[in-house]
Structures are given as C-alpha cells and as structure tokens.
Amino acid sequence: MRKILAPVLFVFTAAALLTGCKKNAESSLTPVTLNEVAHSIFYAPQYAAIELGYFEEEGIDLTLVNGAGADKVMTALVSGDADIGFMGSEASIYTYIQGDDDYAVNFAQLTQRAGNFLVGRTPEADFKWENLIGKKVLGGRAGGMPQMVFEYILKKNGIDPAKDLSIDQSISFGLTAAAFTSNDSDYTVVYY
C-alpha cells in the first residue's frame, strides 16, 4: 500500500517545500491546505494516506477541502486559501490567458482516465452514442473538463454537440446528479 501512496506523498511533500509553507508553531508539522475539485473514487489513495496517518509521518498537517468545481478550486488557490488544488488543467489555462503574472502551474498528473460518466433514466442494454441524438442531456459547466470530455466523445462518434442534441449547462459542478432527479433530462454527465 505504501508503494502505491508514495507518489501522492511525494507530490504533497514537494509542494509544501516549494510553496514555502511555514511550520505550525504548536507542532512540528507543516500545514498544507489541499482543495480538491470533488470527492472522487479516483483519489482513493489520497484518502487512504490521510486515514492511515502517512501525511503526518511525512511532517504534513493536511487540511482537505472540497472545492466543488475547478473554477472554485482555482479561486481558492489564487486567493491563497489553498496551497494545492486538484483540478483539470483547463482552470490553469483560463487563469494564464487572463495575463496574470502569478499564475498557477500544473505540476502533476494524478489520474490516467477521466472520471466522467453518462447516466440515463432508463436501462439501455445495447447503448450506442447515436441514442443521444434528439435527447436532452444535463451536462457540465461550459468550459469545464467534464463538459469538454463529453463534447470530445460526441464529436468522435459523429455527433454535433450544438445541433444533434440539447445540452443544459446551467447546473453547477457537483450538483448535476441531484438536479437530474428533479428535471426532465434524458441523460446527465456526472463526475465520480
């Protein structure tokens, strides 16, 4: 288990050292605030490391915050409310193109796959992407990674996201699953 968690610990240790966090005067631990885009099964090694005390063993007093979306994680990072942010690279790109001198830098990849899922109202034993044509989908935030991944997959399967279906992008990240239960969309894109 420790071999699996070693890369996660390395990233946090390096980040704490590189950001110049000061040690807490009451303890020998370095405080680090991590703002994650969402609680996700893809971050399970991190949760295990927290529960097993591996961060403390490495001298880190970790505070984990759920940012509920890359835009909010980036806001916390830029404002100094977070030392590290887990989010898609799009938030860093958007901040950089605004011309800020002190912009966020992506320095590690934590997942190999997108944690996006397409969820339908009814079971479809033989699902095909063409099934989405003419349907209403509760999508992700415009410009957000889940929405961009969804549109990429649609285009890869010959479906025009702007013409072939209706995508509602009005629901905040993290709320699409709950909103799906009370609206009339045929499908929703969720992140786990």
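Residue numbers start at 1 and run along the sequence shown.
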**Prompt:** Is there a side-chain contact between Ile60 and Leu29, using heavy atoms and a 4.5 Å cut-off?
**Reply:** no
Would you call Pro161 and Lys155 a side-chain contact if the rule is heavy atoms closer than 4.5 Å? yes
In terms of heavy-atom contacts, Asn35 and Asn66 come closest through OD1-C, 4.0 Å
Taking every heavy atom of Phe55 against every heavy atom of Ala49, the minimum-distance pair comes out as CE1-CB, 3.5 Å
- Message: I'd like to check Val65 versus Thr33 (side-chain heavy atoms, cut-off strictly below 4.5 Å). Are they in contact?
- Response: yes
Output for pair (Tyr43 OH, Ile50 CD1), nearest 0.5 Å, gives 12.5 Å
- Message: Can you confirm whether Glu36 sits close enough to Val73 that some side-chain heavy atom of one is under 4.5 Å from a side-chain heavy atom of the other?
- Response: no
Between Asp83 and Pro31 the two heavy atoms that sit nearest each other are OD2-O, 3.9 Å
For a salt bridge (charged side-chain N to carboxylate O under 4.0 Å, His left out) check, start with the C-alpha distance between Arg121 and Asp186, then their side-chain angles and the critical distance, and finish with the verdict. CA-CA 6 Å; Arg121 289 208 179 274; Asp186 301 296; 6.0 Å; no
- Under a 4.5 Å cut-off applied to non-hydrogen side-chain atoms, are Asn131 and Tyr187 in contact? yes
Value for OG (Ser166) from NZ (Lys136), rounded to nearest 0.5 Å, stands at 6.0 Å
Item to complete: Could you give me the CA-CA distance, side-chain angles and deciding distance for Ile171 and Leu138, then say whether side chain to side chain contact (heavy atoms under 4.5 Å, CB included) is met?
Response: CA-CA 8 Å; Ile171 307 298; Leu138 187 56; 3.3 Å; yes
Side-chain heavy-atom pair Leu132, Phe150 within 4.5 angstrom cut-off = yes
Using 30° and 60° as the class boundaries, would you call the ring planes of His39 and Tyr47 parallel, tilted or perpendicular? perpendicular
Does CD in Glu124 sit with more than 12 non-hydrogen atoms of other residues, nucleotides or ligands closer than 6.0 Å? yes
d(Tyr152 OH, Asn157 CG) to nearest 0.5 Å is 10.0 Å
Nearest heavy-atom contact between Leu77 and Gly85 is CD1-N, 4.0 Å
- Query: side chain to side chain contact (heavy atoms under 4.5 Å, CB included) between Leu154 and Ile167: does it pass, once the steps are laid out?
  - Reply: CA-CA 12 Å; Leu154 290 173; Ile167 303 174; 4.1 Å; yes
Please tell me if the side chains of Ile159 and Trp129 come closer than 4.5 Å, counting only heavy atoms from C-beta onward. yes
Side chains of Gln46 and Tyr54: do they bring a donor and an acceptor to under 3.5 Å? no
Minimum side-chain heavy-atom gap Ile153-Leu118 below 4.5 Å: no
